[in-house]
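Everything on this sheet refers to the single structure shown next.
A, B, ... follow the sequence lines: proteins, then strands. Residue 1 opens every chain.
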2 protein chains.
Amino acid sequence: MQNPESPKYQQQKLAAIRAAAAVFARKGFHGASTTDIASEMGIKQGSLYYYFKSKEEALAEVCLYGIREYVQRMEEIATSEQPFEARLLATVTSHLSSYREKNEALKVHNDERLYLPEIKRIKLKQLGSHYRELLEGIFEDGVRDGALREGLDCHFAAQSVIGICNAWGELIVRDNELDVFEVIQKVNDLLLNGFVPPKATA
Amino acid sequence: MQNPESPKYQQQKLAAIRAAAAVFARKGFHGASTTDIASEMGIKQGSLYYYFKSKEEALAEVCLYGIREYVQRMEEIATSEQPFEARLLATVTSHLSSYREKNEALKVHNDERLYLPEIKRIKLKQLGSHYRELLEGIFEDGVRDGALREGLDCHFAAQSVIGICNAWGELIVRDNELDVFEVIQKVNDLLLNGFVPPKATA
DNA sequence: TAATGATTCTATGAATCTATAGAATAGCGG
DNA sequence: CCGCTATTCTATAGATTCATAGAATCATTA
């Protein structure tokens, strides 16, 4: 076994997670074979089990890899001292940037995590809920500050923003000609200015 | 064979499409077996091939079933004489209502169509693009009328609205405790009023 | 160089899955 | 009731898949 958690092992394990992410993103969990994943990282099918106990464990690790950092970053944003508006923009930027950096893993988390057994889904669900609640808190602050209109359904708003970001993120992953920064800018613009013209302000 | 396209055949074929939709929605295309689909409609695995030439053809029919009506309805909305605002609201209502009525098929169309061979995907892609273009047209009218702010990126806006509706639609399908009409109302509210307060108007 | 442990390979068992073929049943018209 | 067709069933071939076991190779260190 890999007792010393040697650097080589760590490195190859990361390569394995990335390979699995790429293949799962392309073919889906059930459509991807262990042969596919192995050949993506240049080894043979049987060798893959040196890094994953099972195909399902590979999926679990990819999902966790996909969402972990992204929640951490959200934690930092939410607890920062910046005003509402800046935190909202930072959220969108972080969310969409995550899609660019580790795009396949995040896509896999969104689309394939439901195929994990319930026990393994719980941790991911907690992370996801945590993320949403942090964003909800930002909106609540916005309402308190008067930056957002009274009575806004913050739960709904947070869920919607996540929905927009994921929708665009999926498009970014699928069609990698999209300019991520342009998308970020336009989503931010949409959230702050809406569709209707700012009738009475500058 | 089913030469006269007998009513019973039609009826069972529809049942087959619905069963396939339900199973594909739950397990994904590759995760669903023909045994699953057959037993969902109360017949045996082999009998399924009386209705579908192949599993892949079943997917194609489910996807088409999922999106067809929904585009037709959009066509009617887009070409109606109503003002911009009413057409936008009607679009959201139609989109989300579709999710309630034939929710599994629409979910399958969104999530699994990429597993179809390219030839079969083309027709679906055309339908989807057509839908987006119609919505884009509505936004363009809105800009022309002054209901929307000058310089709004209508392509981006349309794509974003579709993204929001799909995100909520997926939630509706997954968690069927959600009140569809409440979601419709809130999405409409979001689109018209945005997050920020309507500073100078009523 | 020899030895030890890490990493990869080959080979394979057992299960599952799609699709086909032909037999069986059901239902309808005469 | 008979015959015909539509519909469903059973059985199976052939391919693919996941996971395991044990052999082989590579790298490092003594």
Side-chain angles (χ1 to χ4, degrees), chain A residues 1-63 108 112 115-117 119-120, chain B residues 1-63 108 112 115-117 119-120:
Chain A
M1 305 292 169
Q2 60 290 2
N3 241 348
E5 298 285 326
S6 69
K8 167 158 190 195
Y9 179 81
Q10 295 284 355
Q11 183 182 343
Q12 277 289 74
K13 171 106 193 193
L14 189 61
I17 291 175
R18 291 217 175 100
V23 176
F24 286 153
R26 204 181 321 128
K27 301 193 166 192
F29 174 63
H30 290 109
S33 71
T34 50
T35 306
D36 293 332
I37 301 170
S39 90
E40 172 86 15
M41 62 182 292
I43 62 178
K44 292 296 166 87
Q45 187 263 341
S47 309
L48 197 65
Y49 287 77
Y50 187 64
Y51 297 104
F52 300 118
K53 186 161 65 43
S54 69
K55 186 184 166 189
E56 175 197 292
E57 192 192 85
L59 176 60
E61 299 219 33
V62 169
C63 290
V108 171
E112 315 290 333
Y115 301 127
L116 288 170
I119 304 171
K120 295 198 180 179
Chain B
M1 303 295 167
Q2 58 292 2
N3 242 349
E5 298 285 328
S6 69
K8 166 156 190 195
Y9 179 81
Q10 295 285 353
Q11 184 183 342
Q12 277 288 73
K13 171 104 193 193
L14 189 61
I17 291 176
R18 291 219 176 99
V23 176
F24 285 152
R26 204 178 326 128
K27 300 191 163 190
F29 174 64
H30 291 108
S33 71
T34 51
T35 305
D36 294 331
I37 300 171
S39 89
E40 172 86 15
M41 62 183 291
I43 62 178
K44 293 296 168 81
Q45 187 261 341
S47 310
L48 198 65
Y49 287 77
Y50 187 65
Y51 297 104
F52 300 118
K53 188 162 62 49
S54 68
K55 185 183 167 188
E56 176 198 291
E57 192 194 84
L59 176 60
E61 299 219 34
V62 169
C63 290
V108 171
E112 314 290 333
Y115 301 127
L116 288 170
I119 303 171
K120 296 198 181 181

For Lys55(B), which residues count as a side chain to side chain donor-acceptor pair (under 3.5 Å) partner, sequence neighbours excluded?
-> none
Between [N] ([atom2]) and [X] ([atom1]): distance, integer Å:
| X | N | atom1 | atom2 | value |
| --- | --- | --- | --- | --- |
| Gln10(A) | dA6(C) | CD | P | 14 Å |
| Tyr115(A) | dC18(D) | OH | C1' | 19 Å |
| Tyr9(B) | dG27(C) | OH | C1' | 18 Å |
| Leu48(A) | dT7(C) | CG | P | 14 Å |

Quick one: what's the B/S/- string for nucleotides 8-19 of chain C, heavy-atom cutoff under 4.0 Å, read 5' to 3'?
-> BBB------SBB
Does any non-hydrogen side-chain atom of [Y] lie less than 4.5 Å from one of [X]?
| X | Y | value |
| --- | --- | --- |
| Leu116(B) | Phe29(B) | no |
| Phe52(A) | Ile17(A) | yes |
| Leu14(A) | Arg18(A) | yes |
| His30(A) | Glu112(A) | no |

Do you know the tightest heavy-atom contact between Lys53(B) and Tyr49(B)?
-> O-CD2, 3.7 Å
